Amino acid sequence: MVGSANLDLVVDVTTIPLVGETVMGGDLRRIPGGKGANQAVAAARLGCTVAMIGRLGDDEGGQLLRQALEQDGVDTEHLLTTAGVANGVALIAVAADGDNAIVVSPGANARVTGQDVQAAAAVLASATVTLLQLEVPTEAVMAAASLAGGTVILNPAPAPLEPLPAALLAAVDVLVPNQTELATLAGYDGPVDLDRAATLAHQLPCSAVVVTLGAQGALVIENGDATHVPSPVVTPVDTTAAGDSFCGALADGIVRGLNLVDSARWAVRVGAATTLSAGAQPSLPTPAEVASRLD
Ligand code: RIB
């Protein structure tokens, strides 16, 4: 895992504020998060052996995040502490229907370099799966993709502001965008339903694409075939980190030798179970919790 770790500052609100609007919310909660750390913890809770490569701030948030990862057994040897720099922070509003809006201040995550990743080359070379996202600099993501010995999964989140380098997409084995990220990557400016998702995913220069579709589950595009994997029907409490747990579970499935469609079947269950509990890392389920929350 090469990625970000954020301290999530979370407030529950009735509805997400509109531009220019102020809304009153509940008490502030401080929760371990960040797409990289969430995906690392998600995979670890499902039983994978996980190492995290990235940077924390040298503040209290950084200490809290390191402890959270280590409690879940994630190897933090290559998670560096950056002197004089604040940790990444995410400001999150969670609405009554479980939807959220997030603003990230990257802090130490923006200091992850290609050299940091190179220092962990042996870990990447031996990993069965390397999971990547876009909350750390593209230079670091590219270094990781080129050093990875196993399957490279890229979750292109948050949606990139500029086109991703062709060399990065070429090094990715499985791309896992949501509908917004897929539209951005494909240069499409319109609504993305199931049919449109299949069309756009086919246009991307990746051998396999798994599009996450929220309540509709996921769409797996591999070798020219499109397979829709529906989600269990749930009433979400908090959708934060549902995409991260999907990615962690997809990696877990691949590590256990499942094919991509069966890995996606497992991942939609894990993602749906994640929405039934609040907060990023606190909501990430073990296999037993997936069963107990859904069945
Ligand atoms: O995907 C959810 C995560 O996005 C949050 O934990 C927040 O830190 C942001 O990175």
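These numbers come from a predicted model, not from an experiment. Both ligands and their constituent atoms are indexed starting at 1 by order of listing.
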Who are the salt bridge (Lys or Arg N to Asp or Glu O under 4.0 Å) partners of Arg196, not counting sequence neighbours?
none
Residues in side-chain hydrogen bond (donor to acceptor under 3.5 Å, both in side chains) contact with Arg265, at least two apart in sequence or another chain:
Asp262
Pair Arg29 + Asp8: basic N to acidic O under 4.0 Å
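Judged by the 4.0 Å cut-off on N to carboxylate O distance, Arg29 and Asp8 do not form a salt bridge.
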Regarding Asp252 and Arg45, does a basic nitrogen lie under 4.0 Å from an acidic carboxylate oxygen?
no
Could you go through the side chain to side chain donor-acceptor pair (under 3.5 Å) check for Thr82 and Arg111 one step at a time?
CA-CA 8 Å; Thr82 316; Arg111 272 70 169 185; over 6 Å; no
For residues 155-172, please give each side-chain donor-acceptor pair under 3.5 Å, one per line with the distance, not counting sequence neighbours.
residue	atom	partner	partner atom	Å
Asn155	OD1	Gln39	NE2	2.9
Asn155	ND2	Val176	O	2.8

Tabulating one pair per line, provide the atom names and distances (0.1 Å) for every N/O atom of ligand 1 that is less than 3.5 Å from a protein N/O atom.
residue	atom	partner	partner atom	Å
ligand 1	1 (O)	Lys35	NZ	2.9
ligand 1	1 (O)	Asp244	OD2	2.7
ligand 1	4 (O)	Lys35	NZ	3.1
ligand 1	6 (O)	Asp8	OD1	3.4
ligand 1	6 (O)	Asp8	OD2	2.6
ligand 1	6 (O)	Gly34	N	3.0
ligand 1	6 (O)	Asn38	ND2	3.0
ligand 1	8 (O)	Asn6	ND2	3.1
ligand 1	8 (O)	Asp8	OD1	2.6
ligand 1	8 (O)	Gly34	N	2.9
ligand 1	10 (O)	Asn6	ND2	3.0
ligand 1	10 (O)	Lys35	N	3.4
ligand 1	10 (O)	Glu135	OE1	3.0
ligand 1	10 (O)	Glu135	OE2	2.7

